[in-house]
Structures are given as C-alpha cells and as structure tokens.
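To keep things clear, I will list the structure first and then write my remarks on it.
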Amino acid sequence: HTSIPGYVYGGLIASIIDCHATGAAAAAAYRAEGREMDSQPSFRYLTASLKVDYLLPTPINVPLEVRATVKEIKGRKVVIQAALSAHSQVTARGEVIAVQVPEHLIPGLQEPHA
C-alpha cells in the first residue's frame, strides 16, 4: 500500500467507515422494530457495496470521528451514509449498502443437530 507519512492509510479509512456503517445498519433495524440493541434474534449486516470519497488527507495521532446516517431501509437492505472527520473537518465520506445476514448463517443461533 502507498501512504504518506503523518496521514492515515486510505484502506484503514475505508475499513472504519465500513465497520461503523454496518453497525449503524444493525442499530437502525433494532430501532425500526422498537427493540433493545443486542436483543434476540440478532440483527447482523454485511457489506454489499462500499464507496469512499477521500476529500482531504486524514492526519494520524488525532481523534477521528465517524458519523453515520440512514439514507434508506428497504427490506433486508440498509443504505448508510457516513462521514469521517479529524479536527471537526470532514476528510472522507462513504456510502455503504448493508444487507441483513439470514439467521441460519449466524454462528450460535442454529439449532443443535440430534
């Protein structure tokens, strides 16, 4: 990977936005059903699409903030828009399409075999 000394690597920025957005998608699903976070059955989301626009170099060794908003909920699909900031200045924006994972694919929720 190519990085500039003193600035965050772009792949890490994409990972931060991705992780935050899938968590926001799950939180939105709990909220839409009026349920407490982490109540059962669990809502888990995977990334179907990730787009990141890098607006400014993001400095290292400073607190970073990520804010996500729900753009759309349509069935098992949630579209999230996110912004990553350093020093209150947005340095990257992302859009994630997250898809709910079917319960049978979540480890620990499957019925034991007889």
Non-hydrogen side-chain atoms of [X] and [Y] separated by less than 4.5 Å:
X: Val70; Y: Val79; value: no
X: Val101; Y: Tyr45; value: no
X: Leu84; Y: Ile16; value: yes

* side chain to side chain donor-acceptor pair (under 3.5 Å) contacts touching residues 74-89 (sequence neighbours left out) ->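 Counting only pairs at least two positions apart or across chains, the side chain to side chain donor-acceptor pair (under 3.5 Å) contacts touching residues 74-89 are Gln81-Glu95.
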* To do: Would you list the pairs meeting side chain to side chain donor-acceptor pair (under 3.5 Å) in which at least one residue belongs to residues 12-26, sequence neighbours left out?
  => Asp18-Thr47
* Quick one: list whatever passes side chain to side chain donor-acceptor pair (under 3.5 Å) with Arg67, sequence neighbours left out. => Glu65
* **Interatomic spacing from CZ in Arg35 to OH in Tyr30 - rounded to 0.5 Å** =>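 The distance works out to 5.5 Å.
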Would you mind writing out the side-chain donor-acceptor pairs for residues 53-63 within the sub-3.5 Å range, not counting sequence neighbours?
residue : atom : partner : partner atom : Å
Asp53   : OD1  : Lys51   : NZ           : 3.0
Asp53   : OD2  : Lys51   : NZ           : 2.8
Tyr54   : OH   : Gly10   : O            : 2.8
Thr58   : OG1  : Thr91   : OG1          : 2.7

* Going hydrophobic residue to hydrophobic residue with side-chain gaps under 4.5 angstrom, can you get from Val90 over to Leu12? ->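 Cluster IDs for Val90 and Leu12 differ.
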* Asked: Going only through I, L, V, M, F, W and Y residues with side-chain contacts under 4.5 Å, is there a path from Ile13 to Leu50?
  ->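 In one cluster: yes.
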* To do: Output all residues satisfying side chain to side chain contact (heavy atoms under 4.5 Å, CB included) with Ala21, sequence neighbours left out; order by chain, then residue number.
  =>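 By the side chain to side chain contact (heavy atoms under 4.5 Å, CB included) rule, Ala21 matches Ile80, Val96.
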* To do: List in chain and number order the residues that pass side chain to side chain contact (heavy atoms under 4.5 Å, CB included) with Ala48, two or more places apart in sequence or in another chain; answer none if no residue qualifies.
  =>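 With sequence neighbours excluded, Ala48 shows a side chain to side chain contact (heavy atoms under 4.5 Å, CB included) to Ile97, Val99, given in chain and number order.
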* **Atom of Ala27, atom of Met37 and distance for their closest heavy-atom approach** =>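 Where Ala27 meets Met37 most closely, the heavy atoms are CA-SD, 3.6 Å.
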